[in-house]
Amino acid sequence: MIILSIESSCDETAAAVTESGRRVLSSEIHSQIDIHTLYGGVVPELASRSHIQAVQKLSELALRDAGVLRRDLDAVAVTFAPGLIGAVLVGVSFAKAAALSLGIPIIPVHHIRGHVAANYIAHPELEPPFACLVASGGNSLILDVRDYTDYRVLGSTRDDAAGECFDKAARVLGIGYPGGAQIDALAQSGDPEKYPLPRARVEGHPFDMSFSGLKTAVVNLAHNARQSGRELDLPSLAASLCKAVSDTLVSRAVEAALALGYGKLAVAGGVAANSVVRRSLLEEAEKRGIQTYLAPLEYCGDNAAMIGCQGYYEYLAGVRGSSALNAYATLSPDSPVCRFR
Ligand code: KG4
C-alpha cells in the first residue's frame, strides 16, 4: 500500500511516500528555522504562511523522488493533531484536497503516534506492545503502546517539554535556535557534574515529569553570571543540563518499561536525538534486561515518513477522515477522537 503523507504541525513542512508502514520511498523536509531564528522562537502565523508556500512543491518532490505517480497512490495520511492550529490546518486542507481529487481515502494521524512509528522504519522486528518515551519540543510523554493504534498515556510533563527546556536554555545562553542540537554538541567537551541542577519528581505520579524548575535554574545561572560579570563554563553547563534532562527522561522510561513488563522500550521525538539521552537509555535498559529501540536520528525530528508509517496501521484499523476532517491544537494520543470510525 503506497501512502503520500503530509506533516505541518510546527515549523517543518514535510511530505513523504511510504510503503506498507515500514518502507520509506522518499522523505522531504522544508525547515523554517531561517524564518523563526530572527524571533528566537516559532511565530505561528509565519509558520502557517510558509507551510502554504511549501506544501504543494514538497509533495510533488516526494512523488518524483519515490518514482511514484499520483495514480499509484492508495491513500493520503496527514497530521491532524496536535500542533500550532493554523499550521496543522494547512496540512489537513492540502491533504483533503489531494485525497478528494485523486479519489482515495484520507487518514488522520496523531503527531505523537507518528513519532512512535519512526521506530518501525529502522526496526522491522519491533511490534507492539512496548513502552515508549516521546520527547520533543512540545511534548514529553511516557506511553504504553498496547497495539499499533491502541495507546495509553502513563505519564507526561506537568509544565514544559524537555525540548522547550533545551531551547529556552540555549536562547538565554546565546547559543542559538533551536538550541537542543547545539547544547548537545557543546556538552561533548563539558563536565556534567560541574553545575548541580534540579531533577523534579511529581509525588504520587511516578511517570510524570517537570522541566520548568530546571529551565528556571539555567536561566538564573545565566542572569546571575551576567550581573556579577562571571564567565560561565558553557560546555559544562550544557553537559550538566543534558545530564539533568536525561536522568529525568531515562528514569521514567525505564521504570515504565519495567512496570509494563513487555521487555521492550522505544524512544522517539526531537530530544531522542540527544546523545546523552541515547547513551544513557541503552545503558540503563540493558542493565535491566530491556530491549531498547532508538528512532533513527534522521527520523527523530518532525518528518512525514513517520506519519505515513503510522497512517498505514491506522488505515488497517479502519481509520478514515472525511471531507469534514478538522485540526486540533491539543489532543492526547490516547484520545478516542483518534479512532475516526
Ligand atoms: O520532534 P521535533 O522536531 O518537533 C516537535 O514535535 O516538537 O523536536 C524539536 C525539539 C527542539 O526542542 C530541539 O531543540 C530538540 O528537539 N532537539 C534536541 C536535539 N535535537 C533536536 N534536543 C536535545 N538534543 C538534541 N540533539
Side-chain angles (χ1 to χ4, degrees), residues 12 24 27 29 112 114-126 130-143 145 154-157 160-167 169-170 175 178-193 197 199 207 209 211 214 235-258 260 262-303 305-306 309:
E12 265 107 14
V24 180
S27 176
I29 301 175
I112 296 298
H115 272 302
V116 175
N119 279 286
Y120 302 144
I121 300 169
H123 309 293
E125 73 284 14
L126 176 63
F130 54 87
C132 190
L133 161 69
V134 179
S136 67
N139 299 274
S140 300
L141 290 161
I142 302 287
L143 301 168
V145 184
L154 295 182
S156 60
T157 179
D160 298 324
E164 148 78 10
C165 182
F166 276 124
D167 294 340
I175 294 169
Q182 283 96 321
I183 288 194
D184 193 1
L186 204 57
Q188 302 305 317
S189 58
D191 169 10
E193 307 299 334
L197 295 172
R199 279 95 166 132
F207 305 123
M209 297 157 262
F211 292 103
L214 176 58
S236 293
L237 183 50
S240 303
L241 176 58
C242 287
K243 178 88 172 40
V245 171
S246 173
D247 285 352
T248 301
L249 293 175
V250 172
S251 59
R252 305 307 191 278
V254 170
E255 281 162 27
L258 287 173
L260 291 171
Y262 302 140
K264 289 186 278 185
L265 170 63
V267 188
V271 177
N274 186 269
S275 59
V276 181
V277 172
R278 289 174 93 80
R279 209 177 316 122
S280 167
L281 262 166
L282 286 172
E283 281 169 16
E284 295 303 316
E286 195 191 334
K287 274 189 219 159
R288 290 164 179 83
I290 301 165
Q291 179 69 41
T292 307
Y293 301 87
L294 301 173
L297 284 177
E298 64 181 309
Y299 297 121
C300 280
D302 288 349
N303 66 89
M306 65 185 197
C309 290

Problem - H115 versus D302, side-chain donor and acceptor atoms under 3.5 Å - result: yes
Exercise for the section: Answer with yes or no whether the side chains of E164 and T157 bring together a donor and an acceptor at under 3.5 Å. Expected result: no
Exercise for the section: Would you mind reporting whether F166 and L214 have side-chain heavy atoms less than 4.5 Å apart? Expected result: no
Handout entry: Under 3.5 Å donor-acceptor, S280 side chain and V277 backbone
Key = no
Exercise for the section: Determine whether L281 and L265 make a side-chain contact, defined as any pair of heavy atoms from C-beta on separated by less than 4.5 Å. Expected result: yes
Problem - By side-chain hydrogen bond (donor to acceptor under 3.5 Å, both in side chains) - contacts of K264 (at least two apart) - result: none
Handout entry: Nearest-0.5 Å distance that lies between atom CG in L143 and atom CG in L154
Key = 7.0 Å
Practice task
Using distance alone, with no hydrogens and no angle criterion, decide if S275 and D184 have a side-chain donor and acceptor under 3.5 Å apart.
Solution key: yes
Exercise for the section: Drop me the distance from F130's CZ to N119's CG, to the nearest 0.5 angstrom. Expected result: 6.5 Å
Problem - Where L197 and A244 come nearest, the two heavy atoms and their spacing - result: CB-CB, 4.2 Å
Practice task
Could you check C242 against I183 for side-chain contact (heavy atoms from CB on, under 4.5 Å), going step by step and ending with a plain yes or no?
Solution key: CA-CA 8 Å; C242 287; I183 288 194; 3.9 Å; yes
Handout entry: Side-chain ion pair, R252 and E255, N-O less than 4.0 Å
Key = no
Problem - Steps toward side-chain contact (heavy atoms from CB on, under 4.5 Å) verdict (Q291, E125) - result: CA-CA 12 Å; Q291 179 69 41; E125 73 284 14; 5.6 Å; no
Practice task
Please test E283 against K287 for salt bridge (charged side-chain N to carboxylate O under 4.0 Å, His left out), starting from the C-alpha separation and ending with a verdict.
Solution key: CA-CA 6 Å; E283 281 169 16; K287 274 189 219 159; 5.8 Å; no
Exercise for the section: Decide yes or no for N274 and V245: does some side-chain heavy atom of the first lie under 4.5 Å from some side-chain heavy atom of the second? Expected result: no
Exercise for the section: Determine yes or no for a side-chain-to-main-chain donor-acceptor pair under 3.5 angstrom, with S236 supplying the side chain and D191 the backbone. Expected result: yes
Exercise for the section: Measure the OH-OG distance between Y299 and S27 for me, rounded to the nearest 0.5 Å. Expected result: 5.0 Å
Exercise for the section: With sequence neighbours left out, write down each residue that passes side-chain hydrogen bond (donor to acceptor under 3.5 Å, both in side chains) with Y293, or none if nothing qualifies. Expected result: none
